[in-house]
Structures are given as C-alpha cells and as structure tokens.
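Have a look at the structure below, then the notes.
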Amino acid sequence: RDVVRWAGVPQRERRLKHSNTRKALREPPRVFQRPRRPLPTPRTSPADNVSLDLPSGFEFFKIEALIRPWRLNYVVEALDREGIRALTVSNVQGLGVQQGDTERYKGQECAELATVDKTKIEVVVIASQAQDVVRIITDSAATGEIGDGKIFVMPIVDIIRVRTGEQGPAAERMVGGRQDLLDK
C-alpha cells in the first residue's frame, strides 16, 4: 500500500511527513569525523638485529637457510634481485621449537605433525657478501611466527669448479652475478 500511496511523490516530501526528518532538514547536517589514527610505525626487520661476526682467514662462506616451503619464491626472487643466482634448494623435514604446533602451508593450518616440512637453501658467497645474503634471506623469509626457520653460516676453505679446474674466487664468480652488478 505504501508504494502506491507514495508513487510520484518526491523523496524530500516523503521525509517531511515524519516529524524527526523535518527537524533534521532544518539543521545543518552533522559531519562525523573519525579520530585520526597515528601513522603506522615502520615494521622493524628481523635482519636489523643480525650482525655477523665472521672469522678471519676465510674467503668464502656457506649460508644454509631452513625456511618455510611457501616462502621459497620470495627468497629466491629477493636473492635474484641482488645478483645472487647460484644456490641449491632441497626439501627437508625436521623437528624444532615448532614441534607439535600447527603448521601453516599455503594459507591453511595443518594438523599436528611429528616432523615439519622445510626447504633448505644453500648459498656459497665471498666473505664481503655474507652479511647481505643473510639480511636478504631473513627479510624475505620472515613472517614473525614460530617456525620461520634458521640460518647457519659456515666458513669454506676453498672452491673448485669441476668443469675447468678453477680455484678460489675465479671458481666462485658467476657471469651476471652480484659482482658483475656491483662493478657496473
């Protein structure tokens, strides 16, 4: 019935029939302003707390990182952007602090597991690049939750390229790698 009664009557006149709206039409509309939130503080990176104390006398260091499997692409892309292109990736299982907790994988929580799937990344770099690689891996693998992983840094005595027999820095250097990016 209301539809028929109000057909053709402008919206403003419909509102005037009610006493509440008459008063509201005479007063200027109130403007609701939300309280301003403080600007978000920049997220501190876990890598800000990392400072490697590398032993002297070693030219090369091997960096092993155990990370969540679904963070692998983020880490590889971040390393590639910085010119670290030679690495080895393995799927591994293990126990740690996370033991017995639920694991998140591809956005879903899985049931309790006896062992947890992780991905191991191995990178061998010259000593001057070790700090940067650890920072890159830490920044790109961190989610802020238990089970993000661990990074191990080990000295390497020497590197030998099997194809050519090159040793030392010549064997470690990769065409198009980080050193080439830094030399430009």
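Throughout, numbering of the chain's residues begins at 1 and tracks the sequence.
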Side chains of Lys118 and Gln93: closer than 4.5 Å at any heavy-atom pair?
-> no
Rounded to the nearest 0.5 Å, the CG atom of Leu72 sits from the CD atom of Glu77 at a distance of 9.5 Å
Path from Trp70 to Val92 over hydrophobic side-chain contacts below 4.5 Å = no
Is it true that Val157 and Val123 fall in one hydrophobic cluster, defined by side-chain heavy atoms closer than 4.5 Å?
-> yes
So which heavy atom on Val75 is nearest to which on Ala141, and how close?
-> CG2-CB, 3.8 Å
With sequence neighbours left out, what residues match Arg81 under salt bridge (charged side-chain N to carboxylate O under 4.0 Å, His left out)?
-> none
Those residues at least two apart in sequence (or on a different chain) that pass side chain to side chain contact (heavy atoms under 4.5 Å, CB included) with Thr164 are Arg161, Glu166
Members sharing Val124's hydrophobic cluster, built from side-chain contacts under 4.5 Å between Ile, Leu, Val, Met, Phe, Trp and Tyr, are Phe60, Ile126, Ile156, Ile159
Set of residues satisfying salt bridge (charged side-chain N to carboxylate O under 4.0 Å, His left out) with respect to Glu172, sequence neighbours excluded | none
Shared ILVMFWY cluster between Phe58 and Ile63, side chains joined below 4.5 angstrom?
-> yes
Answer yes if Val125 and Val89 sit in the same cluster of Ile, Leu, Val, Met, Phe, Trp and Tyr residues linked by side chain heavy atoms under 4.5 Å apart, and no otherwise.
-> yes
State whether the side chain of Asp148 and the backbone N or O of Thr143 hold a donor-acceptor pair below 3.5 Å, judged by distance alone.
-> yes
Does Asp80 have any salt bridge (charged side-chain N to carboxylate O under 4.0 Å, His left out) partners at least two apart in sequence or in another chain, and if so, which?
-> Arg85
Enumerate the residue pairs fulfilling salt bridge (Lys or Arg N to Asp or Glu O under 4.0 Å) with a member in residues 54-65, sequence neighbours excluded, ordered by first and then second residue.
-> Lys62-Glu64, Lys62-Glu122
For a quick test of your reading: what N or O donor-acceptor pairs under 3.5 Å do the side chains of residues 128-137 make, sequence neighbours left out?
| unit_1 | atom_1 | unit_2 | atom_2 | d |
| --- | --- | --- | --- | --- |
| Gln131 | OE1 | Leu52 | N | 2.9 |
| Gln131 | NE2 | Val50 | O | 3.2 |
| Asp132 | OD2 | Arg178 | NH2 | 2.8 |

Linking I/L/V/M/F/W/Y whenever any side-chain heavy atoms sit under 4.5 Å apart, do Tyr74 and Ile84 land together?
-> no
